Protein chains: 2
Amino acid sequence: MGASIKDVAAKAGVSIATVSHVLNGTRITSQPTRERVLAAIRELGYSQNQSARNLARGRSTLLGLLISDVRNPFFPDITAAFQDQALAHEMDALVMNTNYDPHRTLNSVRRLLGLQVPGVAILTSQIDPAVIDMLARHRIAAVYLDLGRVDKSISNIVIEYETGIVLMLEHLSQLGHRRIAYIGGPLHLNSAQRRKNAFIETAARLGLDPSLALDADFTVKGGYFACSKLLSVPQPPTAIVAGNDLTAIGVLHRAYDGKIRVPEDLSVTGFDDILFAEYTQPALTTASIPRAEIGRVAFQAIWTMLSDPELAGREYRVPTRLVVRESTVPPANGRERSHHGIQSEPSVR
Amino acid sequence: MGASIKDVAAKAGVSIATVSHVLNGTRITSQPTRERVLAAIRELGYSQNQSARNLARGRSTLLGLLISDVRNPFFPDITAAFQDQALAHEMDALVMNTNYDPHRTLNSVRRLLGLQVPGVAILTSQIDPAVIDMLARHRIAAVYLDLGRVDKSISNIVIEYETGIVLMLEHLSQLGHRRIAYIGGPLHLNSAQRRKNAFIETAARLGLDPSLALDADFTVKGGYFACSKLLSVPQPPTAIVAGNDLTAIGVLHRAYDGKIRVPEDLSVTGFDDILFAEYTQPALTTASIPRAEIGRVAFQAIWTMLSDPELAGREYRVPTRLVVRESTVPPANGRERSHHGIQSEPSVR
DNA sequence: CTGAAAGCGCTAACAC
DNA sequence: GTGTTAGCGCTTTCAG
């Protein structure tokens, strides 16, 4: 079944080299020979043996993509975008889950090295120095997420968490909200720290109360209880900005389970754009990390280094965006409440 | 950087063949040599060149996994399970999105063939005969989802949609529900047809009204309007079973958007277990397709065929399950309404 | 129990 | 514009 390049050469009446060259466009071939080769290929249903090709070239057409877990909704978009880019460049993406396990991660990298991948994207939340080291030592083009370092063969994608928070506050402020609260995450996380700072600074700048910032733990429960707290005062906020999606879910659970008094038009705003499409509540403005773009940029970074003999790495900044849905509400004393409920084209996957 | 087997052999003072054999456990080696080889490998940080290995063996350690789209929540669980299994067997899963595009699918398969993969799992909803053919012709172990055919080198995974429906109705019936409606999908879909039949038969068996079955279109909108219809009669159902997750979402949207009268304790039940974790409504009993199991079984099927020189395929039946959440409710005249809202351990990913 | 050597299918000089 | 051929690093007979 496996027609080889030899068969093609024989059938087309040319040398093996010629076949290889038309296949790779690696040297000019006369129109007629070229066509005979192509015909032979078609008739034999031949497809290049990548193992052989990779062996001869010393590098494979596989690119490694390390993510924490495909089941984490953060990753599918990234993955798909990365794969699309790879495909467009005649490469394949080998996606691996690290399951948040450093051991498994290192092992995966080892496998990737064995597969002779020329480049790897490491988009896990935690990054083991041993991994960076191993990849660098082997001169593999590598991109990391929020690594904060750039080097020969090392690129870095920086997510600008601030932009989303700023845009969100400006948006809410413009809708007329004056008491806007923020529920953040554990401050040992870089992203939590930066979001909180952005909130405080922006709140101050917009003349809002910067002290309405709470630190939770980026979990559903944390959001739930933080929300309770915020709404238990005489003058509760009219809008809540959640520092990440799980927090926002918790806030929504709390705000709409009917057990506490809630400002009629409380606006809940989240970060990360995860899962919100499924909510019927008017809580649908989110600041979102442009995931697909991260996937594209990750590929781009690798590709750039690969086409550069120096493998010079660089930094890529990806701003977070504001996603405004129809159902965002102004405070109760503001304009008329907008229409809620099902959207014309539900963004459910 | 790339230490090769030759280097290892030199360092260990043995032949290349010996190194290869200790690496693959393919013939008995004396303890001392074995250890010297292992030591050399460790010191050199050597890892097998898979390209060369694959070329020599004529097959790669890569397994293809074709799915429609990682962004479709149906697939991540499957993917992860498949990958885990592969990893446990020293193989890697090359996951590819077909984007529901037959062209792209065929192209992917061609790529996989080029990569010399020994096996492929095709878990897309639509299956192109050309793909089956191509795979079969190349004697690649292939496993399909609901293909309905088994052959040499072809295995098939059958999802038993019926079980979930049956279990769901028995469960609701046991809670005291008597008017249970069903909203299904377009009958040209095998799964829709089978679910509906299961509903009708089971309803009859349980002494319920089998005529309460509606056909919608497996979309959010479809569920929305079907729900309207069901609730607009004098004696609306006390429980609604949705044929798939999107339908259930539509039903929930409708039932809880405050625009129509809803039985106080309407129970909505869905299929596929997608996205429900995010709902605060008491709609959390689902019949679910055990996705992780599908991933495991898919790998298992391939693995079995690979270790069988005959590549004899077989059929694997995977029953759907009932997932009961705390918040399922009996009808209003039944027992006390159970506690709703946040769960102690929110199953949010 | 171990080694020598013939490929696996392809790429990339190097010739012509 | 085309052909010859020496590897790429490994597996796997076949000898010892």
Side-chain angles (χ1 to χ4, degrees), chain A residues 1-38 40-41 44-62 90 110-118 138, chain B residues 1-38 40-41 44-62 90 110-118 138:
Chain A
M1 282 298 85
S4 75
I5 196 172
K6 218 181 344 186
D7 304 324
V8 176
K11 179 144 199 157
V14 298
S15 75
I16 292 182
T18 299
V19 177
S20 172
H21 282 125
V22 321
L23 232 38
N24 298 304
T26 172
R27 88 180 174 192
I28 41 183
T29 325
S30 77
Q31 195 60 20
T33 29
R34 177 185 193 62
E35 276 170 9
R36 262 183 304 140
V37 171
L38 260 21
I41 288 177
L44 266 53
Y46 165 76
S47 56
Q48 263 179 318
N49 181 327
Q50 295 295 334
S51 299
R53 183 161 196 262
N54 297 343
L55 175 57
R57 307 198 335 160
R59 59 155 57 179
S60 90
T61 54
L62 247 38
E90 302 271 76
R110 213 170 275 130
R111 297 186 74 86
L112 289 172
L113 289 179
L115 287 163
Q116 313 290 108
V117 301
H138 287 254
Chain B
M1 281 298 87
S4 76
I5 195 172
K6 215 178 349 183
D7 304 324
V8 175
K11 179 143 198 157
V14 298
S15 76
I16 293 182
T18 300
V19 176
S20 172
H21 282 124
V22 321
L23 231 37
N24 298 303
T26 174
R27 87 179 175 194
I28 39 181
T29 324
S30 76
Q31 194 61 18
T33 31
R34 175 183 195 64
E35 276 172 7
R36 262 182 305 140
V37 171
L38 260 22
I41 288 176
L44 268 53
Y46 165 76
S47 56
Q48 264 178 316
N49 181 328
Q50 296 295 333
S51 299
R53 184 163 195 260
N54 297 341
L55 174 57
R57 307 198 337 160
R59 59 155 56 181
S60 89
T61 53
L62 246 38
E90 301 271 79
R110 212 169 277 128
R111 296 187 73 85
L112 289 172
L113 290 180
L115 286 163
Q116 314 289 108
V117 301
H138 286 257

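Labels below follow one simple rule: chain letters A, B, ... track the order of the sequence lines, proteins then strands, and each chain is numbered from 1. Keep in mind that what you see is a predicted model, and the values were worked out from it rather than measured.
- Note on B:Thr18: a side-chain N or O is less than 4.0 Å away from OP1 or OP2 of C:dG3.
- Rounded to whole angstrom, the span from the CZ atom of A:Arg57 across to the P atom of C:dC10 amounts to 13 Å.
- Taking side-chain N and O atoms only, A:Arg53 has a distance below 4.0 Å to OP1 or OP2 of C:dT11.
- For A:Ser30, taking side-chain heavy atoms from C-beta onward, the closest of the listed nucleotides D:dG1, D:dC10, C:dC10 is D:dG1.
- The two residues A:Leu62 and A:Pro118 have their closest heavy-atom pair at O-CD, 3.1 Å.
- A close approach under 4.0 Å does not occur between any side-chain nitrogen or oxygen of A:Ser51 and OP1 or OP2 of C:dC10.
- Residue B:Val14 is classed as a sugar-phosphate contact, given heavy-atom separations below 4.0 Å to backbone atoms only.
- Within the 4.0 Å cut-off from OP1 or OP2 of D:dG1, not a single side-chain nitrogen or oxygen of A:Gln31 is found.
- For A:Gln116 and D:dC8, the shortest distance from a side-chain N or O to OP1 or OP2 is not below 4.0 Å.
- A straight line from NZ of B:Lys6 to C1' of D:dT11 spans 15 Å, rounded to a whole angstrom.
- Taking the nucleotide of DNA chain D with the nearest heavy atom to each of A:Arg36 and B:Ser47, the more 5' of the two is matched to A:Arg36.
- Of all heavy-atom pairs between A:Lys11 and A:Ala40, the closest is CG-CB, 3.8 Å.
- Straight-line distance from the CG atom of A:Leu55 to the C1' atom of D:dG7: 9 Å, rounded to whole Å.
- When the nearest nucleotides of DNA chain C are assigned to B:Thr29 and B:Ala56 by heavy-atom distance, the more 5′-ward of the two goes with B:Thr29.
- In this structure, B:Ile5 places its CD1 atom 13 Å from C1' of C:dG3, rounding to the nearest Å.
- For C:dT11, one of the phosphate oxygens OP1 or OP2 lies less than 4.0 angstrom from a side-chain nitrogen or oxygen of A:Asn24.
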Inset, instruction - Verify side chain to side chain contact (heavy atoms under 4.5 Å, CB included) between B:Arg111 and A:Gln50, making sure each step is shown before the conclusion. - result: CA-CA 9 Å; B:Arg111 296 187 73 85; A:Gln50 295 295 334; 6.0 Å; no
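- Nearest heavy atom pair, residue B:Ile5 against residue B:Ser20, reads CD1-N, 3.8 Å.
- Taking atom NE2 of B:His21 as the reference point, atom P of D:dC14 lies 13 Å away to the nearest angstrom.
- Side-chain atoms of B:Ala52 lie closest to D:dG9 of the nucleotides C:dA12, D:dG9, C:dC1.
- Each of A:Ser4 and A:Arg27 lies near DNA chain C, and the nucleotide nearest A:Ser4 is the one positioned closer to the 5' end.
- Considering all non-hydrogen atoms of both residues, A:Ser47 and B:Arg110 come closest at OG-O, 4.3 Å.
- Dashed line: the shortest gap from a side-chain N or O of A:Thr33 to OP1 or OP2 of D:dT2 is under 4.0 Å.
- Among the protein residues, A:Leu23 comes within range of no part of the nucleic acid, since none of its heavy atoms lies under 4.0 Å from any strand.
- Counting to the nearest Å, the P atom of C:dT11 and the CG atom of B:Asn49 are 15 Å from each other.
- Going from atom CG of B:Leu44 over to atom P of D:dG9 covers 14 Å, rounded to whole Å.
- Look at CD1 on B:Ile16: it is 11 Å from P on C:dG3, rounded to the nearest Å.
- Nucleic acid contact for B:Gln50: none, since no nucleic acid atom lies under 4.0 Å from a heavy atom of the residue.
- Residue-level contact check: B:Ser20 touches the bases, meaning some heavy atom is under 4.0 Å from a base atom.
- Considering CG of B:Leu23 and OG1 of B:Thr18, their distance stands at 11.5 Å, rounded to 0.5 Å.
- Of the side-chain N and O atoms in B:Asn54, none sit less than 4.0 angstrom from OP1 or OP2 of D:dC10.
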